[in-house]
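Every chain is numbered from 1, with letters handed out A, B, ... down the list of sequences. These numbers come from the heavy atoms of this one structure, side chains and all, not from hydrogens, waters or symmetry mates.
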Amino acid sequence: MRNYIGIAMFFIVGSTAAYGYVDPGTGSIAIQLLFAFFASAFFWAGKVMNVIKRLFSRKSS
Amino acid sequence: MTNPHRSSFRDSSGYVYEQDGEIYRVVMSSARSNYDLLMQSGLYTSLVESNRLIPHKEVDAPVDEHLSDIHKVLHAVKIPLITYPYEWSFSQLKDAALLTLDVAIEALAKEMVIKDATAFNIQFFNGAPIFIDTLSFAKYEEGSPWGAYRQFIQHFLAPLLLMSHTSADMNALLRVYIDGIPLQIARTMLPRRLMPNPLIFLNIYLHGRYEDHYRLHDKKAKVTLTRSQLKNSLLLLRRMVESISLKRQKTTWGDYYSATNYTAHSLSEKESVVLDQLKNIAPKFTRIMDLGANNGKFSRAISHLAELVLSVDIDPNAVDENYNINKQSTFKNIVPMRIDFTNPSPALGWAQSERDSFITRTTNDVIVSLAFIHHMVLAENVPFSRVAEVLSRLAKDLIIEFPDRDDSQVQRLLSHKPENHRYDRDEFEKGFERFYDTREKVKIKGSERWIYNMRKKC
């Protein structure tokens, strides 16, 4: 657990004012960076898999 | 002078008020740029055309003369019945979550974001969820994270995970936690076996830890997300929500119709008696409440007689099945609600008037109450007269089924009661005659059950 928090702390500096009338929560703002990284990696991996699948399907036809 | 609706005070961008039964929304000047962008970007048209946002017309309507900084007044389409997330089934909450994310994703494509993601921004209209907060849209600022992310997790993801992995009625917690289930609570209630799932770990467990950490140390965070990172986050949240399913839990009434003591013939006889009795009262109703609706079999049978059928049951699986059957069919005027009639939703929130109670929201023309009264009297120990009193507050007309002592379901419930328990037709009629006159009573052939057609006493 401490390792995850440490990784995120590395990215976090300064301050952000909450916008709108909903308090977004500081921890919530911070965790979005990790989630966004995870999400981008997930979809990137999906694209790579699709390319590989396409290559194999061409060979088989 | 127009007063804001009791639930419309948190967002300074505007407020909602009701006049002559119509719903109006005031857009304050401070929200001018966001509202104009919503209308001019094509986002409003696209969302309304796909039935995902409540439509409105800009009007010249009377507003508070003390307010000078008003940009527009909108006349919005009125939702016939307001329901709350703690009254929905799993699939209703899931569809509301998916709609919220779809609206957020489409907004981002048009340079906007939704600034809040409360489940109270969603209502059920024509059988499907619809986004009702026109002033939730704000201009997207390059690099900014989603300010409503935590709210989405607390209002949708955490309750859905709890419903899926612990109990299908866990969204009842939204009654207590009106701004969503706190992450600290959610993570202690979810089974620990879910922790290895990286998405659940990140969005619930680690998210909760981060919130604790920053609150305790009073720290601020500045995070920059690119647009594609934000879009990917929304898309992954969508996939995550889509993958959550309701494990079929064994509930008391989930299999009622497959385990009923009716023969096929007597069930169809009951249906035709109920339809005849309704037609004897009026050819068409504005609103019928089917109380103890189970999976909505009779709600669907009577739906052509009403503009709206409120289909109420206590069993979360039965309500979920009801919603899913209606969703896949043409029954768009049925609103399923999970309500425990012995403890219906109270008035909640600020000054206990932000969210109305179930009883104040649900005035009906007629109540159809089938296979219900014996559970109230025998399982819940509520006297006949008390049931009659509450029903008479909800509708003037009542079609109610009374299963006699010899009915097998009644026998099962009576087996735990003293032999001289006063459950019989005389007691039923005595309890109800204080509040109702009986128009007609019909015995259902091939059963030990009676259908009573009653009119509230003046």
Quiz item: Are the aromatic ring centres of B:Y149 and B:H207 under 6.0 angstrom apart?
Solution: yes
Self-check item: B:R215 portion near chain A, given a 4.5 angstrom heavy-atom threshold
Solution: neither
Practice problem: Please determine, among B:L183, B:N203, B:L236, the option with the most heavy-atom pairs under 4.5 Å with chain A. | Solution: B:L236
Quiz item: B:Q151 pairs by side chain to side chain donor-acceptor pair (under 3.5 Å) with which of B:D179, B:T100, B:N121?
Solution: B:D179
Self-check item: Sub-4.5 Å side-chain heavy-atom contact between B:L157 and B:I244
Solution: yes
Quiz item: Which answer fits B:L225, side chain, backbone, both or neither, if we ask what part of it has an atom under 4.5 Å from a heavy atom of chain A?
Solution: side chain
Quiz prompt | Shortest non-hydrogen contact between B:P191 and B:Y205, atoms and distance | solution = O-OH, 3.3 Å
Quiz prompt | Distance-only side-chain donor-acceptor flag, B:T118 / B:D116, under 3.5 Å | solution = no
Quiz item: By a 4.5 Å heavy-atom criterion (distance strictly below it), what part of A:F35 contacts chain B: side chain, backbone, both, or neither?
Solution: both
Practice problem: Could you check which of B:L237, B:L230, B:T224 has the highest count of heavy-atom pairs closer than 4.5 Å to chain A? | Solution: B:L237
